[in-house]
Amino acid sequence: ILSPKRLNRVMKNIYHSGDKHTNRSLLKQFSLPDDKQISQFSKGMKMKLAITVALSHNSKLLILDEATSGLDPVIRDDILDMCVL
């Protein structure tokens, strides 16, 4: 059963720059449950989770393809504001 909490543990082993606090903060900001199966997430929830994972690793550069596809306008604007430096 893959949940956001388990996914964060997996990603932490892959990307050593992962930030647990940023991940939890983004999950909370996007109202994503950390213990629910990802397979039960809606398309929008999966997109928010993908953005959370991408932003949790302190990357210097992110290349996103249709990063806001499937999101409601309010969340879309929030994500775009977070991505623009």
Side-chain angles (χ1 to χ4, degrees):
I1 300 171
L2 188 60
S3 65
K5 184 185 253 183
R6 285 189 174 190
L7 178 62
N8 187 43
R9 280 190 242 143
V10 170
M11 298 305 283
K12 188 172 74 171
N13 291 325
I14 296 171
Y15 298 102
H16 300 290
S17 62
D19 185 349
K20 179 175 153 181
H21 300 292
T22 300
N23 184 274
R24 285 187 183 179
S25 174
L26 289 169
L27 287 174
K28 186 175 180 180
Q29 182 176 348
F30 293 143
S31 301
L32 293 173
D34 66 348
D35 56 351
K36 184 176 179 179
Q37 290 183 25
I38 295 172
S39 63
Q40 295 176 348
F41 280 14
S42 67
K43 181 180 177 185
M45 291 171 76
K46 288 178 182 177
M47 187 58 69
K48 289 191 271 186
L49 180 61
I51 295 295
T52 297
V53 170
L55 294 177
S56 294
H57 300 289
N58 303 316
S59 299
K60 293 181 182 182
L61 175 66
L62 290 176
I63 299 173
L64 306 171
D65 182 29
E66 297 186 34
T68 60
S69 175
L71 298 177
D72 65 70
V74 174
I75 296 295
R76 182 192 69 217
D77 290 344
D78 288 346
I79 289 174
L80 291 176
D81 288 342
M82 292 170 71
C83 293
V84 176
L85 296 175

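None of these values were measured; they are calculated from a predicted model.
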A.B. asks: Looking at CG of Asn8 and CG of Asn13, how far apart are the two atoms once the value is rounded to the nearest 0.5 Å?
C.D. replies: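 These two atoms lie 10.0 Å from each other.
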A.B. asks: Do His21 and Arg24 make a side-chain contact, defined as non-hydrogen atoms from C-beta onward lying under 4.5 Å apart?
C.D. replies: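 In short, these two side chains do not touch, never coming nearer than 4.5 Å.
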A.B. asks: Take atom CD1 of Ile14 as the centre, draw a 6.0 Å sphere, and report whether it contains more than 12 heavy atoms from other residues, nucleotides or ligands.
C.D. replies: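 More than 12 within 6.0 Å, yes.
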A.B. asks: Taking atom NZ as the centre, does Lys5 end up with more than 12 heavy-atom neighbours from other residues, nucleotides or ligands that are less than 6.0 angstrom away?
C.D. replies: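 Not more than 12 within 6.0 Å, no.
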A.B. asks: Please check if the number of heavy atoms outside Leu2 that lie under 6.0 Å from its CG is greater than 12.
C.D. replies: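 More than 12 within 6.0 Å, yes.
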A.B. asks: Looking at CG of Leu55 and OG of Ser25, how far apart are the two atoms once the value is rounded to the nearest 0.5 Å?
C.D. replies: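 Here the interatomic distance stands at 10.5 Å.
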A.B. asks: What pairs of donor and acceptor atoms, side-chain ones from residues 38-54 against any protein atom, are under 3.5 angstrom apart with sequence neighbours left out?
C.D. replies:
{"residue": "Ser39", "atom": "OG", "partner": "Gln37", "partner atom": "OE1", "Å": "3.3"}
{"residue": "Ser42", "atom": "OG", "partner": "Met45", "partner atom": "N", "Å": "3.2"}
{"residue": "Lys48", "atom": "NZ", "partner": "Phe30", "partner atom": "O", "Å": "3.2"}
{"residue": "Thr52", "atom": "OG1", "partner": "Lys48", "partner atom": "O", "Å": "2.9"}

A.B. asks: Tell me the closest heavy-atom pair linking Leu71 and Ile75, and the distance in Å.
C.D. replies: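 In this case the closest contact between Leu71 and Ile75 is CD1-CG2, 4.1 Å.
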A.B. asks: Closest approach of Pro4 and Pro33, non-hydrogen atoms and distance?
C.D. replies: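 Closest approach of Pro4 to Pro33: CG-O, 3.3 Å.
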